[in-house]
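A short write-up of the structure that comes next.
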2 protein chains.
Amino acid sequence: MERPSLESFTARHHLDSRSLCAQIVEAREGTIAVRSAQAATDNLTRIIEATLRLANRKGFAAMTLRELARESGLSLGGLYAYIGSKDELARLIQAWVSRTLRRVMASALEGIEDSRSRLATAIEAHLLTTEALREWFFFLYMEAHHLASDERRQAVAAERNSEQIFADIIRQGQAEGHYGAMNADIAAGLVKAMLQDWYLKRHKHGERGLNVATYADTVIAATEALLAARA
Amino acid sequence: MERPSLESFTARHHLDSRSLCAQIVEAREGTIAVRSAQAATDNLTRIIEATLRLANRKGFAAMTLRELARESGLSLGGLYAYIGSKDELARLIQAWVSRTLRRVMASALEGIEDSRSRLATAIEAHLLTTEALREWFFFLYMEAHHLASDERRQAVAAERNSEQIFADIIRQGQAEGHYGAMNADIAAGLVKAMLQDWYLKRHKHGERGLNVATYADTVIAATEALLAARA
DNA sequence: GGATAGAAAACGAACGTCCGTTATACATTG
DNA sequence: CAATGTATAACGGACGTTCGTTTTCTATCC
């Protein structure tokens, strides 16, 4: 099986902050008061990267727009050319990061039929995506609970969707006789927990000198072991 | 192996909010302006339970003391008989929940020598403790990142300590020849991720009709499978 | 090609609101 | 009637947001 490097995976799926911000600018044409897409993307990227930096340090609610202005290099009033409100800024980030994960997972799995390849690919794609957009995913996880009910339901649905991908692969593998009869939904939940640990405890993994490829191998091996166990 | 029920475990280790608050009142004698330990415990329990309810819904920073007063049944000014400041309230909860986990894990493992029994006991004790004090642990996890550096270092140390317990058991099992040669620290990290998923995604597990005993069995089986795999 | 006018973008002081906290007034009880 | 606990009211400060102004860009003309 080919193992894409983090760099090639990031490039292929456009997993950098600027690419995401460019998509946001394009999708929100009309809402952003700055005409030049180039300049708007530049500034929105600085705003969002500053938001992720500050919010991941002290929490989104505790972050003030004055700090955000200072950190992003814009003025307090200037922020409002790009965002409608502070809350909208949070919704923006959340919506785009979950949509990106869905997009990349679907794209990475396309054309792969064998259930064991699909499992390994899905695990790897999840880890590489969350590694490339670490701060975005950390933000999504930590702040999703505090959204208004509409957006919150959307975030829960996205989470469920990604877990469903793993459950379906596991069911396929069971049908093909590779795995034992364990409950696929619960197994998928365990896999998801291990995957999320990667970006939630980034500091710990960094200290251990663990890189994302090694962690992917570990999680793939662990998953196959626990799926085979009850055969 | 005996499997304690949630109720008996909770009772044996005093894992209810009121017991914890009673300990806090005792430890903070002098800081709390109310003389009667009985009345002080009653009110502090209401304050802390209201805090957990509100903070887990909208985040600690977004929770206001006016809401807390309403939710706890005390007056705004009255709160300050029990807490020195809003921040101190957060520190209080965090300090006591991590100290409680450490206490219970040590107590549950006492006298158990066999590594496989220790592993199962540790997993079960972790799950039962976090189940009994779900809201407390959820609060610890979600708000620990935003603490001042001193308290934050303490929280990281507590986290590391509980992971170390699992790593030590795994190393013991490897020395006894039960498990393969996998890196014990990484394996312990995977176990911890599965354990934390229980209280972080409580809603999901509830919908699946999964109870804590069943989940404990699942995690124990999964852990033994992944530890045996590389034998 | 430098000057200039009009548009686009950025600025930051000011506003009303609500925050955490404190000081004061009231009730309860031994 | 002290003493003790609670409720009410007030305070300064900081928040998100707005808006009149200034700066920067760009196209046009001599």
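In what follows, chains carry the letters A, B, and so on, assigned in the order in which the sequence lines appear, proteins first and then strands, with residues in each chain numbered from 1.
- A straight line from NZ of A:Lys86 to P of C:dC18 spans 16 Å, rounded to a whole angstrom.
- Across the protein-nucleic acid pair, A:Gln38 atom CD and D:dT24 atom P stand 20 Å apart, rounded to whole Å.
- Between the CG atom of B:Leu79 and the P atom of D:dA9 there is a distance of 17 Å, rounded to whole Å.
- Of all non-hydrogen atoms in B:Val219 and A:Leu190, the two that sit nearest each other are CG2-CD2, 4.4 Å.
- Considering CZ of A:Arg91 and CG of A:Asp150, their distance stands at 9.5 Å, rounded to 0.5 Å.
- At a threshold of 4.0 angstrom between heavy atoms, the contacts of A:Asp87 with the nucleic acid are absent.
- The nearest whole Å value for the distance from the NZ atom in A:Lys58 to the C1' atom in D:dC15 is 12 Å.
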- Task: Show your reasoning for whether salt bridge (Lys or Arg N to Asp or Glu O under 4.0 Å) applies to B:Arg208 and A:Glu163.
- Result: CA-CA 14 Å; B:Arg208 287 193 183 141; A:Glu163 208 166 305; 2.9 Å; yes
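- A:Ser75 has a side-chain polar atom (N or O) that falls below the 4.0 Å cut-off from OP1 or OP2 of C:dC11.
- Between C:dG20, D:dT17, C:dA10, one nucleotide has an atom nearer to the side chain of A:Leu76 than all others, and that is D:dT17.
- Computed from coordinates, the A:Arg66 CZ to D:dT17 P distance equals 11 Å when rounded to whole Å.
- Both A:Met63 and B:Ala39 lie near DNA chain D, and the one whose nearest nucleotide falls closer to the 5' end is B:Ala39.
- Closest to the side chain of B:Val34, out of C:dA9, D:dT6, C:dT21, is D:dT6.
- Among the atoms of the strands shown, only primed sugar atoms or phosphate atoms (P, OP1, OP2) are found under 4.0 Å from some heavy atom of A:Ala33.
- Put simply, OH on B:Tyr82 is 20 Å from P on C:dG20, counting in whole angstrom units.
- Distance B:Asn43 CG to D:dT4 P: 17 Å, rounded to the nearest Å.
- Remark: the B:Thr45 side chain and the B:Asp42 side chain contain no N/O donor-acceptor pair separated by less than 3.5 Å.
- Spacing between atom CG of B:Leu65 and atom P of C:dT21 amounts to 6 Å, rounded to whole angstrom units.
- Of all nucleotides listed (C:dG20, C:dA10, D:dT17), C:dG20 comes nearest to the side chain of B:Tyr80.
- The residue among A:Glu67 and A:Gly78 whose nearest nucleotide of DNA chain D is located toward the 5' end is A:Glu67.
- With distances taken from any side-chain atom of A:Leu74 to the nucleotides D:dG5, C:dA9, C:dC11, the minimum falls on C:dC11.
- Taking each heavy atom of A:Arg102 and A:Ala158 in turn, the nearest pair found is NH2-CB, 4.3 Å.
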